[in-house]
Amino acid sequence: MKRIALFAFGVLAISSSAWAQSPDIDTPLLALPANLREGAGVVKWKQADHTYDTLKKSTNGLVCYDRSGFPLQVAFSMECTAEANLPRVKQNMEAEALGDKMKSEAKLMEQEKAGTRVKPVFGSVWYHLMGPTKEMARTHMTIAVPGATTATMGLPDNGRQGGVWIMNAGTTTAHLMTPGE
């Protein structure tokens, strides 16, 4: 009887591992243009401690992740950026974990004023694919230019002229907005 029970347990263990889902590495990559997907890495963030596991190693310096279901995120939320920006992403997630947009922004502003806000890589692109569902998701892309101002970049600090402009000029959060992208 013990042998039958052990055999049955073994079969169950093997069959359940065969049916176990492998991590989704394809969906986060959808935020990138098709020509960048093959070399991009994929990480899976842990909400509990804001660390991550690498699911696919990057060969082009870009990394993507799924933020769906995280605090202050829309239902379907994919993001990609330079691997070197992951410490900043972690800060963002820690602030967003407060669950309130105003509290989150206040925490990030406090870090900005204290000089502890991690700067993104200058010129790095942040790719987003987000929406209420995968089918209704839209893309959005920004280019990080920490510290940039109208004087240093020659671009306006608002979108009233209809062209590229610097949002949050003069901060570590400064980034280029591209209308119609």
Problem - Connected-component partners of M130 among ILVMFWY, side-chain separation under 4.5 Å - result: V74
Problem - Interatomic spacing from CD1 in I166 to CE in M153 - rounded to 0.5 Å - result: 5.5 Å
Problem - Expected output: side-chain T59 to main-chain G39 donor-acceptor under 3.5 Å - result: yes
Problem - Polar contact flag, side-chain donor to acceptor under 3.5 angstrom, N92-R117 - result: yes
Handout entry: Of all pairs that satisfy disulfide bond (SG atoms under 2.5 Å apart), the ones with a partner from residues 51-92, not counting sequence neighbours
Key = C64-C80
Practice task
Mark yes or no for whether D24, through its side chain, and T27, through its backbone, hold a donor-acceptor pair below 3.5 Å.
Solution key: yes
Completion exercise
Rounding to 0.5 Å, atoms OG1 (T54) and NZ (K56) come to a distance of 12.0 Å
Problem - Where G99 and P71 come nearest, the two heavy atoms and their spacing - result: CA-CB, 4.5 Å
Exercise for the section: Identify the two heavy atoms, one from P156 and one from V164, that lie closest to each other, and give their separation to 0.1 Å. Expected result: CD-O, 3.7 Å
Practice task
Say whether E79 and H128, considering side chains only, have a donor N or O and an acceptor N or O under 3.5 Å apart.
Solution key: yes
Problem - Spacing of OG belonging to S77 relative to NZ belonging to K134, to within rounding of 0.5 Å - result: 14.0 Å
Problem - Evaluation steps, side-chain contact (heavy atoms from CB on, under 4.5 Å), between L155 and L176 - result: CA-CA 9 Å; L155 294 169; L176 300 181; 3.6 Å; yes
Handout entry: Under 3.5 Å side-chain donor-acceptor pair for S124 and R88
Key = no
Problem - Least distance between heavy atoms, T171 atom then N168 atom - result: OG1-O, 2.7 Å
Practice task
Please tell me if the side chains of L62 and L36 come closer than 4.5 Å, counting only heavy atoms from C-beta onward.
Solution key: yes
Problem - Members sharing M167's hydrophobic cluster (side chains within less than 4.5 Å) - result: W165, M177
Fill in the blank from the handout: For A75 and P132 the tightest heavy-atom approach is CB-O, 3.3 Å
Exercise for the section: Report, as yes or no, whether the 6.0 Å neighbourhood of atom OH on Y52 holds more than 12 heavy atoms from other residues, nucleotides or ligands. Expected result: no
Exercise for the section: Report yes if the side chains of L72 and S104 come closer than 4.5 Å at any heavy-atom pair, otherwise no. Expected result: yes
Exercise for the section: Search all heavy atoms of V121 against all heavy atoms of A84 and return the closest pair with its distance. Expected result: CG2-CB, 3.5 Å
Problem - Under-4.0 Å salt bridge between K44 and D66 - result: no
Problem - Test item: H175 side-chain N/O and T173 main-chain N/O as donor-acceptor pair under 3.5 Å - result: yes
Practice task
Can you establish whether the number of heavy atoms outside K57 located under 6.0 Å from its atom NZ is more than 12?
Solution key: no
Practice task
Output every pair passing disulfide bond (SG atoms under 2.5 Å apart) with a member in residues 84-118, not counting sequence neighbours, ordered by first then second residue.
Solution key: none
Fill in the blank from the handout: The reported gap from CG in L86 to CH2 in W45 (rounded to nearest 0.5 angstrom) is 5.0 Å
Practice task
Only counting residues at least two apart or in another chain, list the ones meeting salt bridge (charged side-chain N to carboxylate O under 4.0 Å, His left out) with D49.
Solution key: none
Completion exercise
The reported gap from CG in L108 to OG1 in T172 (rounded to nearest 0.5 angstrom) is 8.5 Å
Problem - Value rounded to 0.5 Å, distance of CD in E112 from NZ in K107 - result: 14.5 Å
Practice task
Check the pair F70 / M93 against side-chain contact (heavy atoms from CB on, under 4.5 Å), numbers first and verdict last.
Solution key: CA-CA 8 Å; F70 280 58; M93 289 184 173; 4.0 Å; yes
Exercise for the section: For the residue pair I143 and F122, establish whether any side-chain heavy-atom pair is separated by less than 4.5 Å. Expected result: no
Fill in the blank from the handout: All heavy atoms of I25 vs all of V42, minimum pair found to be O-CG2, 3.5 Å
Problem - Step-by-step side-chain contact (heavy atoms from CB on, under 4.5 Å) determination, Q91 to H50 - result: CA-CA 9 Å; Q91 272 189 335; H50 306 105; over 6 Å; no
Problem - Heavy-atom donor-acceptor pair, D100 side chain to K103 backbone, under 3.5 Å - result: yes
Exercise for the section: List, by chain and then residue number, the residues other than F76 in its hydrophobic cluster (Ile/Leu/Val/Met/Phe/Trp/Tyr, side-chain heavy atoms under 4.5 Å); write none if there are no others. Expected result: L30, M78, L129
Practice task
Say whether W126 and V43 are linked into one hydrophobic cluster, either directly or through other cluster members, by side-chain heavy-atom distances under 4.5 angstrom.
Solution key: yes
